[in-house]
Amino acid sequence: MSESPTELGSIDPSIPATIMRERPAAAPAEGGAPPGSGDLTDELLTSDQWTDAMLQAAGIPVADVPLVSIGGGIGSFVTVDYLRIAGVPTSRIAVLSNLDFPWQTYEYLTRVSQIPRPERIRSDSASRPDNIWGFPSYALTEAFADGKWGELWHVFVEPMWADYYTPKAGRVFAGLERESKRIGWDQMLVKGQVRMVRKRYGGGYFVILTPKAGVTPTKRVAYRAEYVHLAVGYPGLRYLKELQDFRTEHKDYYHVVSAYEEHEHIYEAARTKPITVMLRGGGIVASRVLQRLMDDRENHGLQTHIVHVFRTFIDKAHSPNEQSLRAWNKRKGGHGFAYQGFNYPKSVWGGQLKSEMRRLEGEARATRYKEMGGTNTPWRRRWQAQMNQGRREGWYQIMQGTVDDMRIGGDGKIVSVVKSKSQPGPIEISADYIIDCTGLEADIAEHRVLKDLLDHSGVGRNPTGRLDVERTFELRGTASGPGVIYASGATTLGGYFPGVDTFLGLQVAAQEIADDLARRGFCKKIGTFRSISQWFKWARNKQP
Ligand SMILES: Cc1cc2nc3c(=O)[nH]c(=O)nc-3n(C[C@H](O)[C@H](O)[C@H](O)COP(=O)(O)OP(=O)(O)OC[C@H]3O[C@@H](n4cnc5c(N)ncnc54)[C@H](O)[C@@H]3O)c2cc1C
């Protein structure tokens, strides 16, 4: 019953293990270890609920911590931040994670998808994962810290006379670093790989951690907790099938890449000779990669040719339900892209859509998700000017299509056979490199911990196929005595709160969780006085 490095880490060496791509379906059936070995026995592997004696018989040491947060990324961070502000000491929380610091995966993903520290991210001025009050906003901080008073005017006139203000990635990371020191993150962090969460007879849960080899005498350690919070981020990367087939068949992970993999070599190649790059996808990552190619072209006088293929090609303002009463409320679109400032309309974070979604169940909720979601990107003046120039000068080509086949052409380039609605017959496009910007959309069951929860905890899937959570972010069906498992982030998308996979959404979830835990007596409620006094502590960088 081994967990090989490949199983635990990433399939492609350029992707760090922070993007978990565990594939239990493909993994060999796990056999139990002998009793007393400090590892998972047959009895533990097959039982939905464990007794303390079962762990003792397996020889797995048990540590008691009232609340365990699994993941250790931004979702864990904002939840623990709330709890620390609600008066919970570090000794009552353990964060189990394979990350060294909470923004590690986020920084990796943004950097490779062309948002390095000096560039601006997508979310707005008040979405501050390092500050539960959102005040002072990033724009205000930037204005004061860098003397950029224009940023205040910017947020005042956006989005009519300026693009939405968004903070620089570097500022977000600096704030997270400060706040993680303030709340004592490192005192709560336990490094390792979480293997599973199982219910405990008598209430609460056991969380099984595989620490780094050599750190503990046994292979596994169990955390006995009354409350568990799960924020494991994206279950994994999903490639377009034809791209994955091509990569596997030709063992070519160099010319066909995902935007979420290191692919700096493509920009470097463009500097040495004229190349053709094919882009797939119409979201913000495609916009970012496109911007990088266009910036480099402009700044270094390059001859890069870009062919952009959209599966769903948007050529005008649109609504998914043209006949509905909501048809007046159309989303902007053009030249392939659907445009929207943020990934959902702003009211999902605190307006009428937030309250409407809280009341919708089943198919009605899934339909509403489809109506307001979908792939989209912000409309930014600079991007528009660059794309217009590219179209005019003929080096940026856009088209609707799906790729039927891919092969290596006579000149060594990659030929994609595209079927397009706009043209009869297949179109052959030859490119030096293909960048897949279509996303991080693997099924939740591809993540080993989530698969185990689906099989053993009683949780089901929500109307869009992710983990089913209550309005309080409790995993429905998983209560164990007084114990509760909460979950937030991408794995719960499709629940009563749509914006959950965003900084602000993770904070909204954290607030619901903290309120629920306060009702259960685990922490204090963050009322007006606590909130004000804690804000002053935050401002003076004092421990909560
Ligand atoms: C490119 C990109 C840009 C984005 N930009 C924005 C933006 O501008 N604004 C915004 O609001 N949102 C943005 N988001 C969305 C979201 O806010 C971030 O993805 C955020 O990092 C999600 O936090 P998380 O905790 O859910 O996931 P993560 O930050 O990824 O943390 C979860 C971590 O859990 C760890 N983990 C998983 N399984 C295990 C296990 N079994 N054992 C131990 N550890 C485990 C992994 O290291 C994983 O990374 C962006 C997302 C992406 C991909």
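When a ligand or atom number is given, it counts from 1 through the structure's own listing order.
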Minimum-distance pair of heavy atoms, taken over all atoms of Val508 and Trp349: CG2-O, 4.3 Å

Structural part of [X] in contact with ligand 1, heavy atom criterion under 4.0 angstrom:
X	result
Val194	both
Leu506	side chain
Val232	both

Do His154 side-chain atoms and Asp163 backbone N/O form a donor-acceptor pair below 3.5 Å? yes

Would [X] count as being in polar contact with ligand 1, using the rule that some N or O on each side must be under 3.5 angstrom apart?
X	result
Ser76	no
Ser97	no
Phe503	yes
Gly71	yes
Ser113	no
Ile74	yes
Ala490	no

Think [X] forms a cation-pi with [Y], using NZ or CZ under 6.0 Å from the six-ring centre and within 45 degrees of its axis?
X	Y	result
Arg358	Phe497	no
Arg128	Tyr138	yes
Arg224	Phe206	no

Heavy atoms only: which of Thr110, Val207, Thr491, Thr166 is nearest to atom 2 (C) of ligand 1? Thr110

Going through the checks in order, is the side-chain hydrogen bond (donor to acceptor under 3.5 Å, both in side chains) test met by Tyr108 and Glu262? CA-CA 9 Å; Tyr108 166 79; Glu262 294 284 0; 5.2 Å; no

Measure the distances from the heavy atoms of [X] to every atom of ligand 1 and state whether one is below 4.0 angstrom.
X	answer
Gly192	yes
His447	yes
Ser127	no
Trp103	no
Phe77	no

Close-contact set for ligand 1 against [X] heavy atoms, below 4.0 Å:
X	answer
Val449	41 (N)
Gly75	23 (O), 24 (P), 25 (O)
Ile121	8 (O)
Arg122	8 (O)
Tyr260	1 (C)
Gln193	40 (C), 41 (N), 42 (N)

Pair Gln384-Arg381, side-chain hydrogen bond (donor to acceptor under 3.5 Å, both in side chains): steps then yes or no: CA-CA 5 Å; Gln384 292 300 321; Arg381 286 165 172 78; over 6 Å; no

Kindly indicate, with the supporting measurements, whether the criterion side-chain hydrogen bond (donor to acceptor under 3.5 Å, both in side chains) is fulfilled by Asp501 and Tyr234. CA-CA 9 Å; Asp501 181 33; Tyr234 300 98; 2.6 Å; yes

Go through Glu226 and Tyr205 one step at a time and tell me if the side-chain hydrogen bond (donor to acceptor under 3.5 Å, both in side chains) criterion holds. CA-CA 6 Å; Glu226 190 157 346; Tyr205 308 87; over 6 Å; no

dist His263:NE2 -> Tyr433:OH (nearest 0.5 Å) comes out at 12.0 Å

Given Thr491, which partner from the list Val469, Leu450, Val500, Val449 fulfils the side-chain contact (heavy atoms from CB on, under 4.5 Å) test? Leu450

Centres of the His308 and Phe310 rings: under 6.0 Å? yes

Given Trp379 and Phe337, is the side-chain contact (heavy atoms from CB on, under 4.5 Å) satisfied, shown in steps? CA-CA 9 Å; Trp379 190 96; Phe337 289 102; over 6 Å; no

